[in-house]
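For the numbers below, each heavy atom of this structure counts, side chains included, while hydrogens, waters and symmetry mates do not.
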Amino acid sequence: MKPSIRPPVVSAFTPSGKLRASINLGNPILARKDAATGEPAGASIDLARAFADRLGVGIEFVVFESAGKSVDAVKAEQADIGFFAIDPLRGEGIRFTAPYVLIEGAYLVRQDSPLQDNAEVDRAGRRVMVGKGSAYDLYLTREIKAAQLLRAPTSPAVVDAFIAENADVAAGVKQQLEADARRLGGLRLLPGRFMVIQQAMGTPASRGDEAAAALSAFVEEMKASGFVADALKRHRIEGAIVAPAA
């Protein structure tokens, strides 16, 4: 039997009468635009629908092209839930669940680049392109000491901006970089990863402790039941793994 959610908590999640889910199309592992319908599709959309079903309400998707805008929508309470990489700078005003998916962040360079290892990226004179406001941007802003960070408008635009501005390195979702390398040719990924993204759900902190607890319990149930693993498989996502139980 599915756990029940008390009516006051349902109301906390649905001040508009529906569950408004903020969706970031900038992370192709979790969300994309369906080529046939134009509607959002992916693991995060499946989770949002499942949570709306649990609440017994309809759903409305609030769709953005970048992570930063998706986060801002939840902070401004223009959306009731969202799907974000956990980061300290995003914590203000949002209550996060434990992660449901772990995603690798990688570096991409040209085939003839002298760079062979992630540790070689942070050097004076290197220029690193990253998606503005993405988890990679937030992380590298803290960690990069010598290289210069350049920012593309969104994560999917990173490689094109990297080419256009003749940067030395592109940073982002490993799968997106691999797809762009196949699309453009003459590019390669550096071995391994420079970070692991903890992808979680979140809700405005103003919705209260019980709402945050209900969302966290839902995420744990979706991991344990195999729902998240099935969603990744259904959408043919490789390179992302289900996060361990909290």
Side-chain angles (χ1 to χ4, degrees), residues 5-34 37-101 103 131-138 153-156 173 197-222 227-228 231 235 243:
I5 295 179
R6 297 192 322 115
V9 178
V10 175
S11 297
F13 276 114
T14 58
S16 69
K18 294 182 178 180
L19 181 70
R20 298 169 298 172
S22 180
I23 301 296
N24 166 32
L25 296 180
N27 186 338
I29 287 183
L30 300 177
R32 56 179 169 71
K33 188 175 289 186
D34 187 277
T37 66
E39 296 297 314
S44 57
I45 285 78
D46 293 351
L47 280 168
R49 291 190 190 280
F51 191 59
D53 288 345
R54 180 63 54 84
L55 296 175
V57 299
I59 191 160
E60 176 185 342
F61 293 111
V62 188
V63 180
F64 299 95
E65 298 294 331
S66 70
K69 291 180 179 178
S70 182
V71 171
D72 290 344
V74 175
K75 285 186 175 182
E77 304 203 36
Q78 296 166 352
D80 308 305
I81 61 169
F83 299 84
F84 320 115
I86 298 173
D87 186 274
L89 288 181
R90 291 176 173 170
E92 185 178 355
I94 294 179
R95 295 286 295 275
F96 289 103
T97 68
Y100 60 92
V101 163
I103 303 170
K132 182 178 180 180
S134 68
Y136 311 98
D137 181 10
L138 300 178
T154 66
S155 289
V173 180
I197 297 293
Q198 295 183 313
Q199 197 74 28
M201 292 181 71
T203 192
S206 61
R207 304 301 168 87
D209 291 343
E210 195 172 352
L215 190 61
S216 291
F218 169 78
V219 165
E220 293 308 305
E221 180 191 342
M222 293 297 100
F227 183 98
V228 176
H235 295 288

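For the atom pair I81 CD1 and T14 OG1, the distance stands at 11.5 Å (nearest 0.5 Å). Interatomic distance, CD1 of I23 versus CG of L47, reported as 9.0 Å (0.5 Å rounding). Here K33 contributes atom NZ and E65 contributes atom CD; the two are 6.0 Å apart, rounded to the nearest 0.5 Å.
Of all the heavy atoms in I45 and L30, the pair that sits closest is CD1-O, 4.2 Å. Among all heavy-atom pairs drawn from Y100 and V228, the shortest one is O-CG1, 3.8 Å. The two atoms that bring V63 and P40 nearest to each other are CG2-CG, 4.0 Å, heavy atoms only. Here the shortest heavy-atom pairing between V219 and A98 reads CG1-O, 3.8 Å. Closest heavy-atom contact between G133 and A67: O-CB, 4.2 Å. Residues A41 and D34 come closest through the heavy atom pair CB-CB, 4.4 Å.
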Contacts under 3.5 angstrom, residues 197-210 side chains, donor-acceptor by atom type, not counting sequence neighbours:
{"unit_1": "Q199", "atom_1": "NE2", "unit_2": "F83", "atom_2": "O", "d": "3.4"}
{"unit_1": "T203", "atom_1": "OG1", "unit_2": "D80", "atom_2": "O", "d": "2.7"}
{"unit_1": "S206", "atom_1": "OG", "unit_2": "E77", "atom_2": "OE1", "d": "3.3"}
{"unit_1": "S206", "atom_1": "OG", "unit_2": "E77", "atom_2": "OE2", "d": "2.5"}
{"unit_1": "R207", "atom_1": "NE", "unit_2": "E77", "atom_2": "OE1", "d": "3.2"}
{"unit_1": "R207", "atom_1": "NH1", "unit_2": "A12", "atom_2": "O", "d": "3.0"}
{"unit_1": "R207", "atom_1": "NH1", "unit_2": "D80", "atom_2": "OD1", "d": "2.9"}
{"unit_1": "R207", "atom_1": "NH2", "unit_2": "E77", "atom_2": "OE1", "d": "3.2"}
{"unit_1": "R207", "atom_1": "NH2", "unit_2": "D80", "atom_2": "OD1", "d": "3.1"}
{"unit_1": "D209", "atom_1": "OD1", "unit_2": "R95", "atom_2": "NH1", "d": "2.9"}
{"unit_1": "E210", "atom_1": "OE1", "unit_2": "R6", "atom_2": "NH2", "d": "3.0"}
{"unit_1": "E210", "atom_1": "OE2", "unit_2": "R6", "atom_2": "NE", "d": "2.7"}

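Annotation: ring-ring contact (aromatic ring centres under 6.0 Å, His included) contacts of F51 (sequence neighbours excluded): F13, F218.
Looking only at side-chain heavy atoms (C-beta outward), K18 and V57 stay at 4.5 Å or farther from each other. Contact check for D46 versus H235: side-chain heavy atoms found under the 4.5 Å cut-off. Side-chain contact between P15 and R20: present, with at least one pair of heavy atoms (C-beta onward) separated by less than 4.5 Å.
Applying the 6.0 Å contact sphere to NZ of K75 captures more than 12 heavy atoms from other residues, nucleotides or ligands.
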Legend entry - Step-by-step side chain to side chain contact (heavy atoms under 4.5 Å, CB included) determination, F84 to N24: CA-CA 8 Å; F84 320 115; N24 166 32; over 6 Å; no
